[in-house]
Amino acid sequence: MATSAFKRWFHRFGSLPYFYGVSRSWARWLAVPGLVLAGYAVFAGLVLVPADYQQGDVFRILYIHVPSAWLSLFGYTAMAVAGVITLVWRLKLAEIFIVAAAPIGASFTFLALVTGAIWGKPTWGTFWVWDARLTSELILLFLYLGVIALHQAIESPRTAARACALLSIVGVVNVPIIHYSVVWWTTLHQGATVKLTGGSHMESDMLWPLLAGALGFTLIFGWLTLWGMRVQLLWRERRSRWVMRMVQDG
Amino acid sequence: MADSVQEFLAMGGYARYVWSAYGIAAVVLVFNVLRPLVAHRRLKRRIRNGEFVDD
């Protein structure tokens, strides 16, 4: 009983016309709270939160930098999970997720690197150092770009998806390296500010907007990835009857 | 009021760092919002024009 209910759900969810139809409103339900939370984080970061007693106002970059960096890791991990689903169950939506998420993840990795460099100049006296945290994050950007390039290089969409899935899974080894880089190696980059256990090194007035920013960025990632998936799905199914009919109808 | 706005924009002397970081973030977000919407519209038009009917 339970298995057949699950199978039915699985097929319904895996059905591409069904997904294409509902994903539009799912995207909206992610966009609104995502933009509200990120907007609150930006407003708090720029206006409400007092300047840092050591760094002054430049520390306000934190409210962009940390959510972007978090998202760069979250996005790649999600791609690796989708990679496993792609290889094991051949679920088309998982294939499409990887392809749609890669450019968005790459954008936010780029944003984490650039805001970090801008912050580094007045704080460390340099835009860039080849230390563990910065270098491993740069490698993450190359991994994202690798997935994008791989997808574009292989003509057959299913073969391309399997290759991208494999690269996502192999590359995810870099995620814990980035996370622990500030612990394992001496680095200019400061240690974790936010910790799940053992208390965070931050006043709660400064911390809440940061958490709101991280959650907001994650919801925005979901919204944008859903839209990317819709485009990818339409492209893959461009010759199918349901797409033809739907497009003709309006 | 005008003074406090100016003070806010000055960001304690770090204006160019803070505003360039937030500016680039805004550009990245807008780009990522527009990219799929434009691609979606363009692809729908191509399908409607029958570009993929028999090839």
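Residue numbering restarts at 1 for every chain, and letters A, B, ... go by the order of the sequence lines. Worth knowing before you read on, the calculation uses all heavy atoms, side chains too, and leaves out hydrogens, waters and symmetry mates.
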Exercise for review: Flag the pair A:Phe108 / A:Phe221 as yes when their ring centroid distance falls below 6.0 Å, and as no otherwise.
Suggested key: no
When the 4.5 angstrom heavy-atom criterion is applied to B:Arg45 and chain A, the contacting part is neither
Cut-off 4.5 Å, heavy atoms of chain B, and the answer for A:Ile220 is side chain
- Task: Measure from the side-chain N and O atoms of A:Ser72 to the backbone N and O of A:Ala69, and report whether any donor-acceptor pair falls under 3.5 Å.
- Result: yes
Practice problem: Ignoring hydrogens and angles, tell me if any N or O in the side chain of A:Asp131 forms a donor-acceptor pair with the backbone of A:Leu134 under 3.5 Å. | Solution: yes
Checklist entry - So, does A:Arg239 use its side chain to make a donor-acceptor pair with the main chain of B:Val53 at under 3.5 Å? => result no
Per-residue tally against chain B (heavy atom, under 4.5 Å) across A:Leu234, A:Thr115, A:Val243 peaks at A:Leu234
Among A:Ala117, A:Pro103, A:Ala38, A:Ala51, the residue with the most heavy-atom pairs under 4.5 Å to chain B is A:Pro103
Turns out that what part of B:Val18 lies under 4.5 Å from chain A's heavy atoms comes down to both
Given A:Val47, A:Val58, A:Val231, the one with more heavy-atom pairs under 4.5 angstrom with chain B than any other is A:Val58
Okay, B:Phe8 and chain A: the region with an atom under 4.5 Å from a heavy atom over there is side chain
Quiz item: Step by step, would you call A:Ile104 with B:Arg35 a side chain to side chain contact (heavy atoms under 4.5 Å, CB included)?
Solution: CA-CA 10 Å; A:Ile104 301 157; B:Arg35 202 173 45 94; 4.1 Å; yes
The interface call for A:Gln55 against chain B, heavy-atom contacts under 4.5 Å, is backbone
Interatomic distance, CD@A:Glu137 vs NE2@A:His189, rounded to 0.5 Å, equals 8.5 Å
Comparing A:Ile118, A:Val42, A:Ile61 against chain B, the one with the most heavy-atom pairs below 4.5 Å turns out to be A:Ile118
Next on the checklist: Distance to the ring centre below 6.0 angstrom and angle to the axis at most 45 degrees; does that hold for A:Arg245 and A:Trp242?
Outcome noted: no
Taking the ring of A:Trp119 and the ring of A:Tyr63, is the distance between their centroids below 6.0 Å? no
Under 4.5 Å to a heavy atom of chain B? For A:Leu111 that would be side chain
When the 4.5 angstrom heavy-atom criterion is applied to A:Val114 and chain B, the contacting part is side chain
